[in-house]
2 protein chains.
Amino acid sequence: MVDDALRLWFCHLMSDRLDSVFAALADPTRRAILAMLLEDDMAVTDVAEPFEMSLAAISKHLGILSRAGLIQQEKRGRVKWCKLDPDALREASVWMQGFGQFEAVNLDAFERFLASELPDDPPPHG
Amino acid sequence: MVDDALRLWFCHLMSDRLDSVFAALADPTRRAILAMLLEDDMAVTDVAEPFEMSLAAISKHLGILSRAGLIQQEKRGRVKWCKLDPDALREASVWMQGFGQFEAVNLDAFERFLASELPDDPPPHG
DNA sequence: AGTATATTCAACCGAATGGTTGACGATGCT
DNA sequence: AGCATCGTCAACCATTCGGTTGAATATACT
């Protein structure tokens, strides 16, 4: 049995963590970085390469992702390797599932959403 | 198989929406509001009651949640009722699932859906 | 009609965010 | 040793964010 003070403390801890995870995910550059790291571990410079912003900016983004627990960074020699750490994402996902009367991936709702968004921006196809 | 142009378009499309959803979720007050609405629909004043901040502040938070698609607001008489709308959460969840187990987003089904939906029937947006 | 209630608007404020640049400490190469 | 590369730090800037307050609008009550 968990007493109320402990529960409060737990929620508070959880709250800070969710703050930083969701805030980290709220930026398209950082989501793009995560997507890149999904395919392979990368050095900071290589992460920065496809983006049209300074290395320092990317370095900051990586710091935010790291502090949120979404990636891990390990320095080997003079290069710092970045790898995805999906644990924090999983926590956030668990939180979200609490709202889900939804089974993991509901493609129907997904498609309904897309249908509502379609007219704006036709896909560059063909 | 989905071609790269389509994937790019897809990412761009989702991007704005994900920005606002994750940004909305990155605030503990707003997450608390969502948790309250999970139990029941509420009027703005009632949502504000347990928080130690002004009604105007809560009204702003509700606006952010609403614009992110996380809640729906309906005015009946002089009271505006707020209800949870888990669709946006579901979309964000879909995105996150991509980083967990790799059934990823089913882009094949997505493409088939687009093929059937794109040519005519442009749904009104906004 | 007059008053109370529900909600938003507008203007403001301090702090945080996302970016820049230039200098800097470390590490590797020759 | 000398130089190039990797990455961060510090200072700055414009914009956004989360909050306040007071006025305004719309609806309900008597």
Side-chain angles (χ1 to χ4, degrees), chain A residues 12 15-37 40-85 88, chain B residues 12 15-37 40-84:
Chain A
H12 184 265
S15 188
D16 288 353
R17 199 164 169 74
L18 288 173
D19 281 3
S20 61
V21 170
F22 284 129
L25 294 178
D27 183 280
T29 300
R30 289 193 289 265
R31 288 197 306 275
I33 290 174
L34 291 178
M36 290 166 60
L37 292 179
D40 209 350
D41 300 356
M42 299 177 79
V44 174
T45 305
D46 296 330
V47 169
E49 195 271 336
F51 296 97
E52 289 182 345
M53 71 180 70
S54 68
L55 182 63
I58 296 295
S59 180
K60 278 192 193 176
H61 281 304
L62 289 169
I64 289 169
L65 289 170
S66 183
R67 254 169 278 121
L70 291 165
I71 66 171
Q72 285 174 6
Q73 292 181 289
E74 178 198 0
K75 193 164 180 180
R76 276 206 301 268
R78 68 177 161 178
V79 16
K80 197 166 187 177
W81 292 93
C82 308
K83 70 188 288 278
L84 207 60
D85 178 7
Chain B
H12 180 265
S15 192
D16 288 353
R17 174 60 73 123
L18 287 173
D19 281 2
S20 62
V21 170
F22 284 129
L25 294 177
D27 183 280
T29 301
R30 289 193 289 263
R31 288 197 306 275
I33 290 174
L34 290 178
M36 291 166 61
L37 292 178
D40 209 350
D41 300 355
M42 300 178 79
V44 173
T45 305
D46 296 331
V47 169
E49 195 270 336
F51 295 97
E52 290 181 345
M53 72 181 70
S54 69
L55 183 61
I58 296 295
S59 180
K60 278 192 193 178
H61 281 304
L62 289 170
I64 290 168
L65 289 171
S66 183
R67 255 168 278 121
L70 291 165
I71 66 170
Q72 285 173 6
Q73 293 181 290
E74 178 198 0
K75 193 165 181 181
R76 276 205 301 270
R78 67 177 162 179
V79 16
K80 198 167 189 176
W81 292 92
C82 308
K83 71 186 289 278
L84 206 60

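Computed from a predicted model, the values in this text were never measured in an experiment. Residue numbers start from 1 in every chain, and the chains themselves are labelled A, B, ... in the order their sequence lines are given, proteins ahead of strands. Hydrogens, waters and symmetry mates play no part in the numbers below; they use all other heavy atoms, side chains included.
In this model, the phosphate group of C:dT20 is approached by a side-chain N or O of A:Ser54 to a distance below 4.0 Å at OP1 or OP2. In terms of phosphate contacts, A:Arg76 brings no side-chain nitrogen or oxygen within less than 4.0 Å of OP1 or OP2 of D:dC6. Between C:dT8 and B:Ser59, a contact under 4.0 Å exists linking OP1 or OP2 to a side-chain N or O.
Here D:dG7 is the nucleotide among D:dT20, D:dG7, D:dG18 with the atom lying nearest to any side-chain atom of A:Ala43. For A:Ala56, the listed nucleotide lying nearest its side chain is C:dT21; candidates were D:dT27, C:dT21, D:dG7.
Whole-Å rounding puts the B:Ile33 CD1 to D:dG19 P distance at 9 Å. B:Glu74 places its CD atom 16 Å from the C1' atom of C:dA6, with the value rounded to the nearest Å. Nucleotide C:dT7 holds its C1' atom 16 Å from the CD1 atom of B:Ile64, rounded to whole Å. Computed from coordinates, the B:Lys80 NZ to C:dT5 P distance equals 21 Å when rounded to whole Å. The interatomic distance linking A:Arg67 (CZ) with C:dG18 (C1') rounds to 13 Å, in whole Å. The distance between atom CZ of B:Arg78 and atom C1' of D:dC29, rounded to the nearest whole Å, is 7 Å. As rounded to whole Å, 13 Å separates atom C1' of D:dT21 from atom CG of B:Leu55. Taking atom CE on A:Met53 and atom P on C:dT17, their separation rounds to 16 Å, with Å as the unit.
Here the SG atom belonging to A:Cys82 is positioned 4.5 Å from the CD atom belonging to A:Gln73, to the nearest 0.5 angstrom. One distance of note links CG of B:Leu62 with CG of B:Leu70; it measures 11.5 Å at 0.5 Å rounding. Taken to the nearest 0.5 Å, the CD1 atom of B:Ile58 stands 12.0 Å off from the CG atom of B:Asp46.
Side chain of B:Arg31 to main chain of B:Leu25: a donor-acceptor pair is present (N/O by atom type, distance under 3.5 Å, no hydrogens or angles).
Heavy-atom minimum distance, B:Ala23 versus B:Arg30: O-NH2, 3.1 Å.
Summary of the strand contacts: A:Val79 and A:Lys60 both lie near DNA chain D, and taking for each the nucleotide with the nearest heavy atom, the more 5' one is attributed to A:Val79. Nucleotides of DNA chain D nearest to A:Gln73 and B:Gly77 differ in position, and the one nearer the 5' end is that of A:Gln73.
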